[in-house]
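Just follow the structure's listing: the first ligand is 1, and inside any ligand the first atom is 1.
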Amino acid sequence: MIVRTLDEIIGTENETKSETWASRRYLLKKDGMGFSFHETIIYAGTETHIHYKNHLEAVFCVGGDGEIETVSDGKIYPIKDGTMYALDENDEHYLRGGKEDMRMICVFNPPIVGTETHDENGVYALIED
Ligand code: 9YT
C-alpha cells in the first residue's frame, strides 16, 4: 500500500509551482496505478491557459471558488466546493481562480511522469520513460 502526506511532498520535486498554481503530485506513473493523482491550488484572481492534448483529466474542487471557460465554445462554468469537471475531449480551457484560492483534486490518464510543466500553449508533452 502507498500512503503519502502533504508534508512529505511540499518542497520536494513532487511539488511544482507556477505564477498561477501550485501542484502536489501524490501519485505518478512510476507508482503503477494507471493514473496520476494531484492536489492543485489555483491562486485567487489568476487565469491559466491549459490544453492537455495528450492526457484526459478529471478535477474535483474541494475548496475555494473560480470558473472554467472552454475555448471552443466560450462557455463559462462556475466552480466551487463539490464541482467536478472532466476534460473528456482534451478540452482547451481557461481556469480562473475567484475570490479565494481553489483547491482541486486531479486525476490524469495516462499518468504524468512528474517532469512535465505547461509549455507556452498550456500543453504537457507525452513523456515515455
Ligand atoms: C487543475 C489542473 O489542471 N491540475 C493539473 C495538475 C497540475 N497542473 C500538475 O500537477 O502539473
Side-chain angles (χ1 to χ4, degrees):
M1 191 169 82
I2 302 168
V3 177
R4 293 189 177 130
T5 62
L6 185 59
D7 1 329
E8 292 166 357
I9 293 172
I10 294 276
T12 72
E13 60 184 9
N14 293 329
E15 182 184 40
T16 307
K17 289 183 179 175
S18 84
E19 278 183 18
T20 56
W21 54 267
S23 191
R24 295 80 183 244
R25 292 154 171 182
Y26 281 79
L27 291 170
L28 292 167
K29 184 179 181 185
K30 64 181 181 222
D31 294 307
M33 296 291 287
F35 54 85
S36 56
F37 188 86
H38 316 227
E39 177 191 60
T40 301
I41 309 297
I42 302 292
Y43 299 138
T46 64
E47 176 180 274
T48 308
H49 176 222
I50 302 177
H51 193 184
Y52 299 123
K53 292 183 182 172
N54 304 306
H55 302 80
L56 299 177
E57 184 195 25
V59 178
F60 184 68
C61 178
V62 293
D65 67 294
E67 63 180 30
I68 181 169
E69 175 177 347
T70 37
V71 172
S72 64
D73 56 10
K75 278 193 184 165
I76 295 176
Y77 304 85
I79 301 173
K80 62 178 185 183
D81 186 359
T83 306
M84 186 279 309
Y85 64 85
L87 305 170
D88 61 327
E89 296 181 335
N90 304 99
D91 313 59
E92 181 181 9
H93 59 283
Y94 292 99
L95 194 52
R96 301 187 183 105
K99 291 200 176 81
E100 291 176 20
D101 290 358
M102 262 197 304
R103 191 163 154 255
M104 348 244 338
I105 306 303
C106 320
V107 177
F108 274 81
N109 169 28
I112 73 161
V113 170
T115 48
E116 297 90 343
T117 191
H118 297 192
D119 70 13
E120 66 280 4
N121 299 313
V123 178
Y124 281 169
L126 186 62
I127 299 178
E128 302 286 347
D129 59 4

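- For ligand 1, the atoms closer than 4.0 angstrom to any heavy atom of S23 are 6 (C), 7 (C), 9 (C), 10 (O).
- Ligand 1 lies out of reach of T48, whose nearest heavy atom is not under 4.0 Å from it.
- Side chain to side chain, T16 and R25 meet the donor-acceptor criterion of an N or O pair below 3.5 Å.
- In summary, the atoms of ligand 1 found under 4.0 Å from a heavy atom of C106, numbered by their order in the structure, are 1 (C), 2 (C), 4 (N).
- Looking at N90, its side chain does come within 3.5 Å of a backbone N or O of Y52 through a donor-acceptor pair.
- In terms of polar-atom proximity, defined here as any N/O pair under 3.5 Å, Y85 makes no such contact with ligand 1.
- Residue M104 is grouped with residue Y77 when hydrophobic side chains (ILVMFWY) are merged at heavy-atom distances under 4.5 angstrom, including chains of intermediate members.
- Listed by first and then second residue, the side chain to side chain donor-acceptor pair (under 3.5 Å) pairs involving residues 96-108 are E39-R103, E47-R96, E67-R96, E69-R96 (not counting sequence neighbours).
- Geometrically, ligand 1 and T40 share a nitrogen or oxygen pair separated by less than 3.5 Å.
- Between M102 and L95, the closest side-chain pair of non-hydrogen atoms falls below 4.5 Å.
- At a heavy-atom cutoff of 4.0 Å, ligand 1 is contacted by no atom of T16, backbone or side chain.
- The salt bridge (charged side-chain N to carboxylate O under 4.0 Å, His left out) contacts involving residues 2-12 comprise R4-D31, where partners must be two or more places apart or lie in separate chains.
- Of all the atoms in ligand 1, the ones that sit under 4.0 Å from a non-hydrogen atom of L95 are 1 (C).
- Distances below 4.0 Å separate heavy atoms of W21 from the following atoms of ligand 1: 8 (N), 11 (O).
- Close contacts between ligand 1 and H38 involve ligand atoms 6 (C), 9 (C), 10 (O) [criterion: under 4.0 Å to a heavy atom].
- Not one N or O on the side chain of H55 forms a donor-acceptor pair closer than 3.5 Å with the backbone of P111.
- With atom 2 (C) of ligand 1 as the reference point, the heavy atom nearest to it among E57, H93, M104 is part of E57.
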